[in-house]
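This report refers to the structure that appears directly beneath it.
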Amino acid sequence: MDKEGDSFVRFLTKSIFVKFSTSFILVGLIPLFALSYFSVQIFTSYVERYTTSNQQQMIMYMSYNLNSAFQQYNDISKLMYNIRYEGLAENINQNQTFNVNELEQINAIPIDSFLKTLVFSDKYITGAYFMRSSDSKVYSQERENRGLTEDLLPIVEWKEKMNHQPSKAVLFPTHQDNYFIGSKRGVFTLARNLIDTSGRLTREPKVVGTLFLDIDTSMFQQFLSELSLGQKDELVLVNDQDEMYFSNQKNRTLDEFLSKSKDNEMLVLREDIPFINGQLIAIIHRAGLFEQLFSARATVYLAILICSIVLIIMGTWFSRRLAAPIRKLIGQMAVVESGRLDTRLPVTSNDEIGRLTHGFNRMVERLREHIDEAYVAQIKQKQTELNALKSQIRPHYLYNTLEVIRMNAVDKDAEEVADMIHSLSNQLKYVIDYGEDRVSLWRELEHLHDYFYIISIRYENRYELQCDIAPDVQMEWPVLKLCLQPIVENAIQHGLRQKKRGTIRVTAEKQEQNLVIIIYDNGIGMNKETLKSINESLNIPGHPGRSVGLKNVHERIRSMYGEHYGLSVSSQENIGTSVQLCFPVSE
């Protein structure tokens, strides 16, 4: 037991990690955690109480204003009962049935004029319509004089909901007023029956007609602006039947809203709206609500600042003792980064620095072994594969080009030969440069134009090359070198030679984070069996297939950029062929 105790004491005295960790915890972390914890607890409690109370008062104030606004529109609907007819017999003065059915009037004025008065009595009333009960005739007025499509009016459904309480006003949830031609405003509708009160009251009131007022939902915005809600906070107005009248978040269903209100991270506030027997419900993100108050955060930041100063002082003192061996280790690491893997550091202690030095020496030794055995071999193998792929196409391409020039010189002896040789020299400089695998898009297109110039002269300008570069494509984006010419060559040899004339079109566009180049030709195309054989050969490693050029370009792209890139071929017989090449965009 004594030996074990002595060993443990020696470990504590020699371990810089233990000394530094103990000092850091005692001098730094304990005050930091203590001050932060108590500050956050005190200020959070205060902020939550104050902010919650303030938001509750704002919701209550808004609910009161909303209820008053609904009551105001209810009072407007009661204007139907303000009947004063001077000079008429008393039995007619109070006979709403005769007035509406025979005279087509409400309050001694035509129904249309009465509806227009209601529409312009409040800026949020967008439309008013009245359905006469005797013959279901609909009178309507709209603020912008739009025509009414009666078939789209859900009056029958609304009337059914009013039957159980025909003498009371009913408020219908938000909907679009697309029954007015050319209108798609969001409105809610207030409906009230006009009851004939001239005779004896009966158990079933005599309904002369029904008035409907469309009120723009922008009416809610004047109240919503009074609340300091965040972008993710939600406010919903519902009635006792869980029908949603308004929500500040579009395309949000009531079920989604209620499920979100069960989240513990949300503050849920409710206030009653007596007019609709409903509630105004607000769901506010606690984090967003309390983040705006900086007093609590300032206190925490002050505590962290004080503790940070203490930690800096202690860290400076410890760093003086640790600086010398660490500097030596950093210096040797720089030597290793330069490529020298024969460096070693002497181990002078048994503490963490000594173990770190020993581990560094082992790491350098293992790294050198790994590079010698695996990494260099992989690089050589990769480079060999790339060189082999490139060597397949360069001789093939040079032989074909020189043969075209030779045939043209023999057949025509034209002055164009000089230009052709100039184009060929440009191509040779481009092709024989083995030092680069990727070039800019404009260089690859320039090389393609040089090649096509020779081809166009060889075939008496029977073929045309068109290039279409999308505006969002940058010509400096890198692509695989010699990726377009083999495709165009295949298009001429296998697609256009059997036709008198033809066109090859090269397009480049950006699709998400990829550069997509498509080469079209309007040649003879391929049948389904040939196209299937070519696509299968592209995806089988080592399978040469019928088209060496396509296979070569495809494997070079996948070797350099990964399995998600490469080329694909599509074709229709007697219509043409298109080859799509995909590269990652590198800004």
Side-chain angles (χ1 to χ4, degrees), residues 68-85 93-180 183 185 187-198 201 204-217 219 239 245 275-276:
S68 299
F70 293 148
Q71 191 62 49
Q72 175 186 349
Y73 293 117
N74 182 41
D75 293 338
I76 292 176
S77 69
K78 292 180 180 179
L79 293 177
M80 293 187 299
Y81 291 97
N82 293 342
I83 304 175
R84 295 182 179 88
Y85 304 119
N93 288 349
Q94 300 178 358
N95 192 336
Q96 291 94 335
T97 302
F98 177 84
N99 189 39
V100 172
N101 294 340
E102 303 297 330
L103 303 180
E104 296 188 335
Q105 292 181 352
I106 296 178
N107 292 354
I109 61 175
I111 296 177
D112 288 332
S113 299
F114 174 75
L115 295 178
K116 183 173 292 185
T117 301
L118 295 183
V119 168
F120 290 96
S121 64
D122 185 271
K123 65 179 181 179
Y124 295 108
I125 298 179
T126 61
Y129 32 98
F130 179 87
M131 189 185 78
R132 191 165 60 187
S133 299
S134 61
D135 56 358
S136 298
K137 182 178 180 180
V138 177
Y139 304 84
S140 66
Q141 289 292 330
E142 197 267 350
R143 184 175 290 271
E144 298 178 9
N145 294 325
R146 292 188 173 103
L148 177 68
T149 304
E150 294 185 15
D151 294 338
L152 299 179
L153 272 173
I155 291 182
V156 177
E157 300 176 6
W158 290 347
K159 290 282 290 181
E160 291 178 358
K161 294 183 179 181
M162 299 175 65
N163 288 336
H164 64 285
Q165 288 184 331
S167 60
K168 291 186 178 181
V170 177
L171 196 67
F172 296 104
T174 302
H175 57 279
Q176 285 189 345
D177 61 344
N178 53 3
Y179 36 80
F180 285 111
S183 178
R185 293 169 299 201
V187 298
F188 63 93
T189 301
L190 178 72
R192 174 177 288 280
N193 289 324
L194 176 59
I195 299 174
D196 192 344
T197 59
S198 60
L201 296 177
E204 295 293 333
K206 184 178 180 182
V207 178
V208 180
T210 306
L211 174 67
F212 300 88
L213 297 178
D214 283 347
I215 303 166
D216 200 324
T217 55
M219 184 271 292
N239 62 5
Y245 288 92
F275 184 84
I276 61 172

Exercise. Would you find more than 12 non-hydrogen atoms of other residues, nucleotides or ligands less than 6.0 Å from E157 atom CD?
Worked result: no
For this session: Indicate yes or no: at least one non-hydrogen side-chain atom of P205 is less than 4.5 angstrom from one of N193.
Result: no
For this session: Indicate yes or no: at least one non-hydrogen side-chain atom of L211 is less than 4.5 angstrom from one of L118.
Result: yes
For this session: Dump the intermediate steps for side-chain contact (heavy atoms from CB on, under 4.5 Å) on H175 and V187, then the final yes or no.
Result: CA-CA 6 Å; H175 57 279; V187 298; 3.8 Å; yes
Exercise. Does a side chain donor of either S183 or D177 reach within less than 3.5 Å of an acceptor in the other side chain?
Worked result: yes
Problem set entry | Derivation of the side-chain contact (heavy atoms from CB on, under 4.5 Å) call for Y81 and I195 | CA-CA 9 Å; Y81 291 97; I195 299 174; 3.7 Å; yes
Exercise. If you measure from CZ on F70 to CG on D75, what distance do you get to the nearest 0.5 Å?
Worked result: 13.5 Å
Exercise. Distance from R132 atom CZ to I111 atom CD1, nearest 0.5 Å?
Worked result: 6.0 Å
For this session: For the residue pair E144 and F180, establish whether any side-chain heavy-atom pair is separated by less than 4.5 Å.
Result: no
For this session: Decide yes or no for D112 and F130: does some side-chain heavy atom of the first lie under 4.5 Å from some side-chain heavy atom of the second?
Result: no
For this session: Might you point out which heavy atoms bring R143 and V119 nearest each other, and give the distance in Å?
Result: NH2-O, 2.8 Å
Exercise. What's the spacing between Q71 CD and K78 NZ if we round to 0.5 Å?
Worked result: 6.0 Å
Exercise. What closest approach, in Å, do S134 and N101 show between heavy atoms, and which atom pair accounts for it?
Worked result: OG-OD1, 3.2 Å
Problem set entry | K159 atom NZ, neighbour heavy-atom count above 12 within 6.0 Å | yes
Exercise. Nearest 0.5 Å, what's the CD-CZ distance between E142 and R185?
Worked result: 4.5 Å
Exercise. Does the side chain of L213 come within less than 4.5 Å of D122's, by heavy atoms?
Worked result: no
Problem set entry | Heavy-atom closest pair, residues I125 and S121 | CD1-OG, 3.9 Å
Problem set entry | Rounded distance [0.5 Å steps], CG in N74 versus CZ in R192 | 4.5 Å
Exercise. Hey, is the main chain of L79 close enough, under 3.5 Å, to the side chain of N107 for a donor-acceptor pair?
Worked result: yes
Exercise. Would D214 and T189 satisfy side-chain contact (heavy atoms from CB on, under 4.5 Å), going step by step from the backbone distance to the final call?
Worked result: CA-CA 5 Å; D214 283 347; T189 301; 2.7 Å; yes
Exercise. Are any side-chain N or O atoms of S133 and backbone N or O atoms of V207, one a donor and one an acceptor, separated by less than 3.5 Å?
Worked result: yes
Exercise. Any idea how W158 and F172 line up, ring-wise: parallel (<30°), tilted (30 to 60°), or perpendicular (>60°)?
Worked result: parallel
Problem set entry | Euclidean distance, M162 CE relative to I155 CD1, rounded to 0.5 Å | 10.5 Å
For this session: Please confirm whether Y129 and Y179 have ring centers closer than 6.0 angstrom.
Result: yes
